[in-house]
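Inspection log for the structure reproduced underneath, given as structure tokens.
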Number of protein chains: 2
Amino acid sequence: MYAVDATAALFVQRWNEAAGLPLGDCPVRGVLDRISDKWSMLLVMTLADAPKRFNQLRREVPDISQKMLTQTLRTLQRDGMVARQVFDTKPPAVEYRLTPLGQSIIVPVGYLIDWASKNHPRIDQARVAFDAAA
Amino acid sequence: MYAVDATAALFVQRWNEAAGLPLGDCPVRGVLDRISDKWSMLLVMTLADAPKRFNQLRREVPDISQKMLTQTLRTLQRDGMVARQVFDTKPPAVEYRLTPLGQSIIVPVGYLIDWASKNHPRIDQARVAFDAAA
DNA sequence: CTGCATCCTGGAAGATACTG
DNA sequence: CAGTATCTTCCAGGATGCAG
């Protein structure tokens, strides 16, 4: 055991319960896998402040290919995180917006982002030290 | 804009600042990428309650290959999240434990796990509905 | 027990071209 | 503008065998 704070201990306990499930039935594994794909969370955060259109997303995430943009948006839509609204104008416009479910993940992902921005210098330091030792 | 709560709005604002950075310089992207690999967070959570040895980890995460276990542990060690301690016994024993940095990520990841366990039924529903519509 | 070395494959992702 | 279709590349990850 370590000395961990109460919040961490609670999460660890929940995790241990979840981790005991058969692999296919562990909902956490499934969600972590989804989050873990290269673009999903990036798009969720890019849509976090306002709904956006297809090419607007391409501009704001310049290093995503249009194929992966389409594909990731479809997956997010299928998972109920993003809603797709077509405007029947000429030329057609398509707007993507977070659903309430999609919005609800902003906070937990936000904590991770917060952790990242606070601790990435430590990670960088650790890497330099590790590589120097090797 | 959506109507989002204050916490979410704060995280969105921070994200937008981070997202403005050149891609290589965005610390958040880097950390999301690390988290996004298949096994890192799984191992962190498995080590969250107590230090463990190599084959103990194999048993607790039965579907990880030994190659990926070694590889992921090395990466976590390099990033300063995990410490590796060798006991000079016969046969040799090696113990892996979370560093303070590694422990500090339990809480933000925990929020995500919490979100996952609460919302995975909604995601499942959404998928069924989406597939039925198609 | 704790690994490293090698080989190999599936699927993720990129590039390019075309369309309503 | 918002996609689809196809081809190709690339590498994470699995399988297996060996070693200190």
Side-chain angles (χ1 to χ4, degrees), chain A residues 23-24 26 29-44 46-47 50-79 82-97 130-131 133-134, chain B residues 23-24 29-44 46-47 50-79 82-97 130 133-134:
Chain A
L23 296 172
C26 178
R29 298 279 298 261
V31 173
L32 282 187
D33 268 6
R34 161 111 7 261
I35 288 182
S36 83
D37 81 44
K38 196 171 177 182
W39 303 109
S40 289
M41 285 307 98
L42 218 50
L43 288 180
V44 167
T46 305
L47 286 172
K52 277 157 195 171
R53 290 174 45 185
F54 190 84
N55 279 337
Q56 197 174 355
L57 287 169
R58 287 189 74 176
R59 282 190 296 276
E60 297 195 20
V61 188
D63 54 342
I64 192 173
S65 69
Q66 131 269 53
K67 173 189 168 185
M68 288 318 295
L69 180 53
T70 303
Q71 197 174 108
T72 307
L73 285 171
R74 280 289 175 286
T75 305
L76 288 171
Q77 189 190 348
R78 179 170 182 262
D79 288 350
V82 160
R84 180 177 183 269
Q85 186 175 5
V86 181
F87 296 92
D88 211 2
T89 55
K90 284 181 94 116
V94 181
E95 192 178 81
Y96 294 90
R97 65 170 62 233
F130 184 89
D131 294 344
Chain B
L23 296 173
R29 298 278 299 260
V31 173
L32 283 187
D33 269 5
R34 162 111 5 261
I35 287 181
S36 84
D37 80 45
K38 197 172 178 182
W39 302 109
S40 289
M41 286 308 98
L42 217 50
L43 287 180
V44 168
T46 304
L47 286 172
K52 276 156 195 171
R53 289 173 47 185
F54 190 84
N55 279 337
Q56 197 174 357
L57 287 169
R58 287 189 75 175
R59 281 190 297 276
E60 297 196 19
V61 188
D63 54 342
I64 193 174
S65 68
Q66 151 252 53
K67 173 189 169 185
M68 289 317 296
L69 180 54
T70 303
Q71 198 174 104
T72 307
L73 285 170
R74 281 287 174 286
T75 305
L76 289 171
Q77 189 190 351
R78 178 170 182 260
D79 288 350
V82 160
R84 179 177 185 271
Q85 187 176 5
V86 181
F87 296 92
D88 211 2
T89 55
K90 284 183 99 124
V94 180
E95 190 178 82
Y96 295 91
R97 64 171 63 234
F130 184 89

| Phosphate contact (C:dC1 OP1 or OP2) by B:Arg59 side-chain N/O below 4.0 Å | no

| Nucleotide C:dG20, atom C1' - distance to NZ of A:Lys90 in whole Å | 10 Å

| query | Between A:Leu76, A:Asp63, A:Thr46, which is the residue that forms a side chain to side chain contact (heavy atoms under 4.5 Å, CB included) with A:Trp39? | reply | A:Asp63

| query | Between D:dA2 atom P and A:Gln56 atom CD, what is the distance in whole Å? | reply | 9 Å

| said: From CG of A:Asp88 over to C1' of D:dC1, roughly how many Å is that when rounded to an integer? | reply: 13 Å

| Does C:dC1 have OP1 or OP2 sitting under 4.0 Å from an N or O in the side chain of B:Tyr96? | no

| Distance, rounded to the nearest Å, where B:Asp63 contributes CG and D:dA12 contributes C1' | 15 Å

| said: If you assign each of B:Arg53 and A:Ile64 to its closest nucleotide in DNA chain C, which residue comes earlier from the 5' end? | reply: B:Arg53

| Rounded to the nearest Å, what distance is computed from the NZ atom of residue A:Lys67 to the P atom of nucleotide C:dG14? | 8 Å

| Looking across every strand, which nucleic acid part, if any, lies under 4.0 Å from A:Arg58 by heavy atom: base, sugar-phosphate, or nothing? | nothing

| task | For A:Phe87, report the nucleic acid contact type (base, sugar-phosphate, nothing); a contact means any heavy atom under 4.0 Å. | result | nothing

| query | What about B:Gln66, does its side chain sit under 3.5 Å from the base of C:dC4 through a donor-acceptor pair? | reply | yes

| message | If you go through the side-chain atoms of A:Gln71, does one of them form a donor-acceptor pair with the base of D:dT4 closer than 3.5 Å? | response | no

| Value in whole Å for how far the P atom of D:dT9 lies from CE of A:Met68 | 19 Å

| Quick one: which of C:dG3, C:dT2, D:dA2 gets closest to the side chain of B:Arg74? | C:dG3

| remark: Nearest heavy-atom approach of A:Arg53 to A:Glu95 is CG-CA, 4.2 Å

| Whole angstrom value for the distance that separates C1' of C:dT2 from CD of B:Gln85 | 15 Å

| Which of these nucleotides, D:dC1, D:dG3, C:dG3, is closest to any side-chain atom of B:Phe54? | C:dG3

| query | Under the side-chain contact (heavy atoms from CB on, under 4.5 Å) criterion, do B:Val61 and B:Leu69 qualify, and how do the steps go? | reply | CA-CA 9 Å; B:Val61 188; B:Leu69 180 54; over 6 Å; no

| remark: Of all heavy-atom pairs linking A:Tyr96 and A:Leu47, the shortest is O-CD2, 3.4 Å

| message | Rounded to whole Å, how long is the line connecting atom NZ of B:Lys38 with atom C1' of C:dG10? | response | 11 Å

| query | Once you round to the nearest 0.5 Å, how far does NZ of B:Lys38 lie from CG of A:Leu32? | reply | 12.5 Å

